[in-house]
Amino acid sequence: MNQPFVLALLRNPRQIGAVVPSSQSLARAMAIAAAPSGKRILEIGPGTGAITKALLAEGASPEQLCLLERDDRLAAYLTRKFPGVRVINGDARSITDTIQPKAHSYFDIVISSLPLLNVKEADKIVILEQIFSLLDQQGLLVQYTYSAKAPISPSLANRFGVKGERTAMIFRNLPPASVWKYRYFSYRDFQN
Ligand SMILES: C[S@@+](CC[C@H](N)C(=O)[O-])C[C@H]1O[C@@H](n2cnc3c(N)ncnc32)[C@H](O)[C@@H]1O
């Protein structure tokens with residue numbers, strides 16, 4: 001049993017949006033999709049850190065990683081678990097206020113475990129506006145979903161000028177999940 005996860009689930013099931021943490025297979029597929037080495041990465045909704053661990057294993061260094069987690073106890077847990085990684089206890093609906101970067105183009109990659117299926121459409125738009133404001137034209141959003149459909153509808157993706165691509169389906173996860181990458185239409189190497 002993953003105690004921090006179960007306690008968070010009991011506190012706020014809708015916000016957690018999953019019954020168990022991401023499996024090692026899903027975490028690895030997310031990290032491979034991100035190709036994190038040498039990139040500045042914002043991870044949103046890291047939960048208990050399964051994907052964080054995979055990002056570090058795939059070559060990210062702790063200083064490149066910034067974790068944004070809304071649940072305060074999970075944020076404290078992540079701080080203890082990943083020394084050297086910046087952990088912010090905050091809400092994805094107000095990322096730019098929370099992070100206080102020279103906000104624009106601040107990250108190369110945003111990797112998200114947000115349970116977008118549970119997020120109201122208006123909140124989803126606010127979150128995506130913020131995410132894409134933090135990425136430059138070469139930026140990448142990696143997101144998984146338990147749905148057969150894309151985590152961001154094609155019409156919403158169009159609104160942000162991005163295109164989605166499913167890069168992996170992971171059956172060794174409860175429930176099975178697929179990994180999606182989003183990039184701006186203008187990015188020529190999208191197939192890579
Ligand atoms: C599906 S769980 C992540 C599971 C994670 N991959 C793991 O293996 O533990 C989703 C996470 O997103 C966080 N979350 C949900 N809404 C959020 C928001 N608006 N801002 C930041 N984090 C949020 C939840 O607290 C939860 O930790």
Side-chain angles (χ1 to χ4, degrees), residues 1-34 36 41-58 60 65-82 85-101 103 107 109-134 141-147 151-152 167-170 172-181:
M1 184 180 74
N2 185 318
Q3 198 185 32
F5 189 90
V6 173
L7 292 176
L9 184 61
L10 293 173
R11 282 195 294 279
N12 199 337
R14 192 178 165 83
Q15 179 180 302
I16 297 297
V19 285
V20 286
S22 304
S23 67
Q24 222 177 327
S25 305
L26 175 57
R28 185 152 185 269
M30 289 286 281
I32 287 171
I41 302 162
L42 173 64
E43 185 184 353
I44 306 180
T48 51
I51 293 172
T52 317
K53 189 173 161 197
L55 287 166
L56 292 165
E58 285 298 319
L65 282 178
C66 178
L67 314 182
L68 178 72
E69 172 53 57
R70 189 169 162 192
D71 184 284
D72 53 355
R73 281 179 248 187
L74 284 177
Y77 170 77
L78 291 162
T79 305
R80 292 193 300 277
K81 186 167 174 181
F82 298 107
V85 173
R86 181 178 178 198
V87 179
I88 296 170
N89 180 206
D91 191 320
R93 288 171 297 186
S94 51
I95 312 171
T96 45
D97 294 345
T98 316
I99 288 184
Q100 292 294 353
F107 294 101
I109 297 168
V110 173
I111 186 162
S112 158
S113 293
L114 285 176
L116 288 181
L117 290 174
N118 297 351
V119 176
K120 282 187 266 166
E121 192 66 9
D123 285 343
K124 205 185 289 185
I125 291 170
V126 169
I127 291 169
L128 292 174
E129 272 168 2
Q130 305 223 7
I131 287 177
F132 291 118
S133 81
L134 291 168
L141 167 64
V142 183
Q143 169 78 49
Y144 69 78
T145 182
Y146 303 133
S147 168
I152 301 171
T167 63
M169 284 204 64
I170 309 299
R172 286 181 164 200
N173 192 71
L174 191 67
S178 46
V179 174
W180 284 74
K181 288 203 305 197

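First listed ligand is number 1; within each ligand, the first listed atom is number 1. All residue numbers refer to positions in the sequence shown, counting from 1. This structure is a prediction, so every number in the text was calculated from the model and none was measured. As a basis for the values below, the full set of heavy atoms in this structure was taken, side chains included, without hydrogen atoms, waters or symmetry mates.
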Side-chain heavy-atom pair Gln15, Asp91 within 4.5 angstrom cut-off: no
Closest approach of any protein heavy atom to atom 5 (C) of ligand 1, naming residue and atom: Pro46 O, 3.5 Å
Ser113: numbered ligand 1 atoms lying under 4.0 Å from its heavy atoms: 1 (C), 3 (C), 6 (N), 10 (C)
Proximal ligand 1 atoms for Thr48, defined as those under 4.0 Å from one of its heavy atoms: 7 (C), 8 (O), 9 (O)
Those atoms of ligand 1 less than 4.0 Å from some heavy atom in Ile16: 1 (C), 2 (S), 10 (C), 24 (C), 25 (O), 26 (C), 27 (O)
Min side-chain heavy-atom separation Phe107-Cys66 under 4.5 Å: yes
Contact check, Ala8 vs ligand 1, heavy-atom distance below 4.0 Å: no
Val142 and Val179: CA distance, side-chain angles, deciding distance, side-chain contact (heavy atoms from CB on, under 4.5 Å) verdict: CA-CA 7 Å; Val142 183; Val179 174; 3.9 Å; yes
Nearest-neighbour protein heavy atom for atom 15 (C) of ligand 1, which is reported as residue plus atom name and distance: Gln15 O, 3.1 Å
Closest approach of Ala168 to Ala29 (non-hydrogen atoms, all atoms of both residues): CB-CB, 4.3 Å
Those atoms of ligand 1 less than 4.0 Å from some heavy atom in Gly90: 20 (N), 21 (C)
For Ala92, atoms of ligand 1 separated by under 4.0 Å from a heavy atom: 18 (C), 19 (N), 20 (N), 21 (C)
Side-chain heavy-atom pair Leu7, Arg73 within 4.5 angstrom cut-off: no
Sub-4.0 Å heavy-atom contact, Ala27 with ligand 1: no
Which residue and heavy atom of the protein sit nearest atom 3 (C) of ligand 1, plus the separation: Gly45 O, 3.4 Å
Shortest non-hydrogen contact between Thr48 and Pro21, atoms and distance: OG1-CB, 3.7 Å
Tyr144 vs Ile51, side-chain contact (heavy atoms from CB on, under 4.5 Å): CA-CA, chis, key distance, verdict: CA-CA 11 Å; Tyr144 69 78; Ile51 293 172; 3.8 Å; yes
CA sep, side-chain torsions, deciding dist, call: Val119, Arg93, side-chain contact (heavy atoms from CB on, under 4.5 Å): CA-CA 11 Å; Val119 176; Arg93 288 171 297 186; over 6 Å; no
Distance-minimising heavy-atom pair for Arg172 and Ser23: O-OG, 2.6 Å
Glu69, Arg70, Lys53: member with heavy atom nearest to atom 13 (C) of ligand 1: Glu69
Min heavy-atom dist Tyr144 to ligand 1 below 4.0 Å: yes
side-chain contact (heavy atoms from CB on, under 4.5 Å) between Ile152 and Trp180, worked out: CA-CA 9 Å; Ile152 301 171; Trp180 284 74; over 6 Å; no
Under 4.0 Å to a heavy atom of Leu114 - the qualifying atoms of ligand 1, by number: 14 (N), 15 (C), 16 (N), 17 (C), 18 (C), 22 (N), 23 (C)
Numbering as shown, the atoms of ligand 1 that approach Gly47 to under 4.0 Å (heavy-atom distance): 9 (O), 27 (O)
Asp91: numbered ligand 1 atoms lying under 4.0 Å from its heavy atoms: 18 (C), 19 (N), 20 (N)
Protein residue, atom and distance nearest to atom 8 (O) of ligand 1, heavy-atom basis: Ser22 N, 2.9 Å
Smallest separation among heavy atoms of Leu55 and Pro36, with atom names: O-CG, 3.7 Å
Region of Leu74 engaging ligand 1 - heavy atom pairs below 4.0 Å: side chain
